[in-house]
Amino acid sequence: MVDRNSIGIASELQFFGKMTASISHEIKNIMAIINESAGLLEDYNLMAEKGIPIDPERIQVISQRVIAQIQRADGITANMNSLAHSVDEFQRSVGIKETLELAVGLAQRFADMRSITLKLQPSSDASAVITSPFHLQNLIWQMLDFAMDVSGDGKTVGLTFETGKASVKIRVTGLEELSNLSEPAFPTEKEKALLRMLNATIQQDEKAGEIHLFLPKDIDQALTANS
Amino acid sequence: MEKVLLVDDEKEFLDTMAERMEARDMNVTTTTSPKEALKKAQEESYDAVILDLQMPEMDGLETLKELKKKNPDLQVILLTGHATVQKGVEAMKLGATDLLEKPADLKILTEKIKKAHTKKMVLVQKKAEEKIRHILAEKGW
């Protein structure tokens with residue numbers, strides 16, 4: 001029998017590894033664009049040295065391209081930094097809106113690879129919960145990953161949240177093929193371990209094609225599904 | 001002049017790379033879609049296909065497999081952000097000519113394209129010779 005602690009540790013490492021591998025891959029793509037842009041500038045320089053006139057607009061295009069890639073890299077490294085700092089403390093207060101924004105940022109490349117649109121519902125709700133930020137990110141990723149697998153022809157996965165008295169409900173929508181699954185595929189042992197860690201519960205609404213995560217406002221407080 | 005098909009989902013990379021390769025006297029066709037790449041490779045004869053390993057729609061290895069199924073002699077060079085040994089071995093088993101990590105040195109890539117062009121010419125010549133030999137044997141001249 002597999003030890004539950006081992007599943008938890010393996011899941012944590014797998015999640016961290018998957019995210020950092022994806023981030024480094026994307027940074028490599030950005031570096032490749034900047035590298036070729038620098039090379040193109042060198043080409044223009046050689047042409048200019050030979051007396052071939054260079055249209056200043058072409059230089060402008062390259063400079064804008066580099067700026068856009070630096071901004072893209074800045075967003076990616078900011079996400080990486082937030083993920084890295086999520087293990088600083090086992091539990092602390094985290095904003096739900098910020099947590100979901102980070103989750104979408106981290107999952108974006110995986111969604112792009114599967115031609116799926118991730119839609120985070122805009123919210124002015126500044127709710128925060130006392131929880132384990134890293135384990136919460138891990139669980140939201142597992143939910144998004146599963147949702148993308150069963151998003152069907154709609155190929156759109158939504159993310160939204162509502163605040164209750166003692167809990168926050170995070171809804172993942174767009175799981176069009178959820179009702180077609182022959183046997184329950186979610187949550188697996190991996191997610192169950194995370195749920196226990198977060199003192200949270202999960203419900204599936206097969207008809208609506210949604211998964212609901214009920215997260216206590218305080219990880220140490222007992223949780224009932226409708227609180 | 002080498003005829004190259006460049007396939008990558010990063011449009012900015014494609015545009016910049018294509019401009020640089022064209023400045024080096026290569027005839028470059030680009031596409032961000034692996035499916036379109038398969039179509040183009042069937043319609044046109046390329047000296048080399050430069051293929052990104054990770055793309056939406058179809059991943060690079062899947063695209064490589066399809067390209068080689070349709071034309072086993074096609075010279076495919078894979079470009080990747082991070083090449084794991086496992087992926088590299090898999091790519092070579094599927095018939096990739098080479099695998100380069102991004103950001104790639106254009107000098108090295110150009111050399112590999114030229115090598116691919118030469119290899120293609122040798123294969124074309126070999127096939128023509130085989131055809132002639134076959135005709136000679138059949139006709140009994």
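Quick caveat, the model's predicted, so the values are computed rather than measured. First the proteins, then the strands, lettered A, B, ... as listed; each starts at 1.
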For [X], does the [atom1] atom sit with more than 12 other heavy atoms under 6.0 Å from it, leaving out its own atoms?
X       : atom1 : answer
K70(B)  : NZ    : yes
Q86(B)  : CD    : no
E49(A)  : CD    : yes
K119(B) : NZ    : no
K127(B) : NZ    : no
M47(A)  : CE    : yes
D153(A) : CG    : no
K68(B)  : NZ    : yes

Candidate pair M17(B) and I33(A), rule side-chain contact (heavy atoms from CB on, under 4.5 Å), full reasoning: CA-CA 8 Å; M17(B) 197 69 161; I33(A) 296 170; over 6 Å; no
Heavy-atom pairs under 4.5 Å with chain B are the metric here; pick the option from S24(A), A68(A), A21(A) that has the most. S24(A)
The reported gap from CD in E10(B) to CD in E26(A) (rounded to nearest 0.5 angstrom) is 7.0 Å
Closest contact, heavy atoms only, P103(B) versus A32(A): CB-CA, 3.7 Å
Would you call R20(B) and E42(A) a salt bridge, using N to O less than 4.0 angstrom? no
Do Q54(B) and N29(A) have side chains that get closer than 4.5 Å, going by heavy atoms? no
Is any side-chain heavy atom of E19(B) closer than 4.5 Å to one of Y44(A)? yes
Which of these passes side chain to side chain contact (heavy atoms under 4.5 Å, CB included) with T16(B): I62(A), N35(A), L40(A), V61(A)? L40(A)
Is chain A contacted by the side chain of D59(B), its backbone, both, or neither, given a heavy-atom distance below 4.5 Å? neither
Does K28(A) reach the main-chain N or O of K102(B) with its side chain, forming a donor-acceptor pair under 3.5 Å? yes
So what's closer than 4.5 Å to chain B heavy atoms on D43(A): side chain, backbone, both or neither? side chain
Checking E36(A) against D15(B) for the side-chain contact (heavy atoms from CB on, under 4.5 Å) test, could you report, in this order, the C-alpha distance in whole Å, the side-chain angles of both residues, the deciding distance, and whether it holds? CA-CA 10 Å; E36(A) 291 316 316; D15(B) 292 346; over 6 Å; no
